[in-house]
Amino acid sequence: MAMRQTPLTCSGHTRPVVDLAFSGITPYGYFLISACKDGKPMLRQGDTGDWIGTFLGHKGAVWGATLNKEATKAATAAADFSAKVWDAVTGDEVLTLAHKHIVKCVNFTQDSSCLLTGGNDKLLRIYDLNKPEAEPQEISGHTSAIKKALWCNDDQQILSAAEDKTIRLWDRNTGEVVKTLSFEASVSSMEYVPDGEILVITYGRTIAFYNAHTLDLIKTVDAPASIHSASLHPDKDFFVAGGDDFKLYKYDYSTKEEMESYKGHFGPVHCVRFSPDGELYASGSEDGTLRLWQTAVGKTYGLWKCVLPAPLLTPPANSIRALRQAAEAVDMMLGLMSVVSQ
């Protein structure tokens, strides 16, 4: 009999959770940051979901959040026309980067020296965090709001997805477009997997996988409902996705077959990501919660403890005999008590 998936629920937010990201594995474990429309991004221990702290300072909905690999820096993108950089250890605000419109996404380079932002003003901006007073490099070309922007290919190129129904691959140094992909619907999410150079995107009911170098299509999978986010397991054995029907779906990456699905949220799933060790995946929802789900159900990991059921006594006659002996012992005790009371 299959074991039941029991997700860990992380409460604390008061509005929909719209983005989340994990750090790399550090000497202190790994960490999870969440972006929420309540304007208060939160930092948690990644394997347990335990709350560590809240970054206070934004004056509007936070649409994007990320951590650097070492979990020493955090960055957030918000509706207050700003992106902020934070000290993830102390929680202090380090830098506020003013924009001309709502900021939707933020992403660090591998060495944490530069921050990439994108938003409703249709521009990509690259900030040198070692020279915060310097003007950012601006890259234009999208014709609608940018929803997601990521560094790729050793930070020499940039991937961006926008409401103009395109994904574009840019050369960081020249700012020129290398290749453009066009879709029938606006892309709802994008994940870059450096190991293997795979790009995972979602649009409509489709989950698609591309080569991140060439943007050549690898495969597509159609889900039963509109999908908002998908994530590929680090071992590339399977992937998970979530969307409008409140469910989390798990698919075999090779065969594209649905392996299982779980319902735990009480609203559409906006974001889902695997942890860096692949032992769990986190989801964020319209219901204002994050949930942590086990990759291998029943395994002892984090707050999950594997408890095997005690073996039943066999044959059944043993159980009946034991019950009779217990009943006789109780009758004897009651008889003795009666004699004493007399």
Side-chain angles (χ1 to χ4, degrees), residues 10-15 17-99 102-119 124-137 148-151 155 158 192 194 271 273-277 282 284 290 292 302:
C10 306
S11 55
H13 284 301
T14 58
R15 297 287 308 282
V17 178
V18 291
D19 193 26
L20 59 84
F22 284 101
S23 71
I25 298 174
T26 77
Y28 308 98
Y30 60 87
F31 300 87
L32 171 64
I33 191 171
S34 53
C36 180
K37 290 184 180 180
D38 63 11
K40 298 175 181 178
M42 292 185 178
L43 183 68
R44 299 176 187 272
Q45 191 71 38
D47 59 342
T48 64
D50 289 339
W51 177 85
I52 295 173
T54 301
F55 299 102
L56 300 175
H58 279 297
K59 297 178 180 178
V62 175
W63 287 100
T66 192
L67 294 165
N68 65 347
K69 288 193 299 183
E70 299 78 16
T72 56
K73 292 181 180 179
T76 50
D80 59 9
F81 292 20
S82 78
K84 291 181 184 287
V85 178
W86 311 80
D87 184 316
V89 179
T90 65
D92 294 334
E93 181 181 318
V94 176
L95 195 61
T96 296
L97 305 169
H99 288 63
I102 293 169
V103 189
K104 286 291 185 73
C105 56
V106 281
N107 194 230
F108 287 109
T109 49
Q110 293 181 61
D111 63 4
S112 308
S113 65
C114 293
L115 185 72
L116 173 67
T117 70
L124 293 167
R125 290 182 173 84
I126 301 172
Y127 291 88
D128 186 339
L129 299 181
N130 295 320
K131 300 176 182 177
E133 71 285 346
E135 288 297 312
Q137 176 187 350
K148 195 73 174 178
L150 302 168
W151 295 103
D155 299 335
I158 295 168
Y192 170 62
C271 46
R273 285 291 179 269
F274 272 106
S275 61
D277 62 1
L290 291 98
L292 305 183

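- When all heavy atoms are compared, the tightest approach of V103 to W63 is O-CB, 3.9 Å.
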One pair to check against side chain to side chain contact (heavy atoms under 4.5 Å, CB included): F81 and I102. What are the steps and the verdict?
CA-CA 5 Å; F81 292 20; I102 293 169; 3.9 Å; yes
Does V85 form a side chain to side chain contact (heavy atoms under 4.5 Å, CB included) with V106? I'd like the steps, not just the answer.
CA-CA 10 Å; V85 178; V106 281; over 6 Å; no
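- L292 approaches G49 most closely through the heavy-atom pair CD1-N, 3.5 Å.
- In terms of modelled atom types and a separation under 3.5 Å, the side chain of D19 and the main chain of A35 share no donor-acceptor contact.
- Atoms CG and CD1, from L115 and I126 in turn, are 10.0 Å apart once rounded to the nearest 0.5 Å.
- G24 approaches P276 most closely through the heavy-atom pair C-CG, 4.3 Å.
- Put simply, CD on Q137 and CG on L116 are 10.0 Å apart, with the number rounded to the nearest 0.5 Å.
- The two residues I33 and A74 make their nearest non-hydrogen contact at CD1-CB, 3.9 Å.
- Below 30°, between 30° and 60°, or above 60°: for Y30 and F22 the angle between ring planes is above 60°, a perpendicular geometry.
- Minimum interatomic distance between D111 and T109 (heavy atoms only, all atoms of both residues): OD1-OG1, 2.8 Å.
- Separation of atoms CG (D155) and OG (S113) is listed at 8.0 Å; rounding is to 0.5 Å.
- Not a single donor-acceptor pair under 3.5 Å links the side chain of S23 to the backbone N or O of L67.
- In this structure, CH2 on W151 lies 4.0 Å from CD1 on I158, to the nearest 0.5 angstrom.
- Atom-to-atom distance recorded for Q45:CD and L32:CG is 10.0 Å, nearest 0.5 angstrom.
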Please evaluate residues L290 and R44 with respect to the criterion side chain to side chain contact (heavy atoms under 4.5 Å, CB included), reporting the C-alpha separation (whole Å), side-chain torsions for both, the decisive distance (0.1 Å), and the verdict.
CA-CA 11 Å; L290 291 98; R44 299 176 187 272; 4.0 Å; yes
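- L20 CG to M42 CE: the interatomic distance, rounded to the nearest 0.5 Å, is 13.5 Å.
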Step by step, would you call K104 with V18 a side chain to side chain contact (heavy atoms under 4.5 Å, CB included)?
CA-CA 10 Å; K104 286 291 185 73; V18 291; over 6 Å; no
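- A pairwise comparison of heavy atoms in A88 and A71 identifies CB-O, 3.4 Å as the closest pair.
- Atom NZ of K40 sits in a sparse spot, with 12 or fewer heavy atoms from other residues, nucleotides or ligands closer than 6.0 Å.
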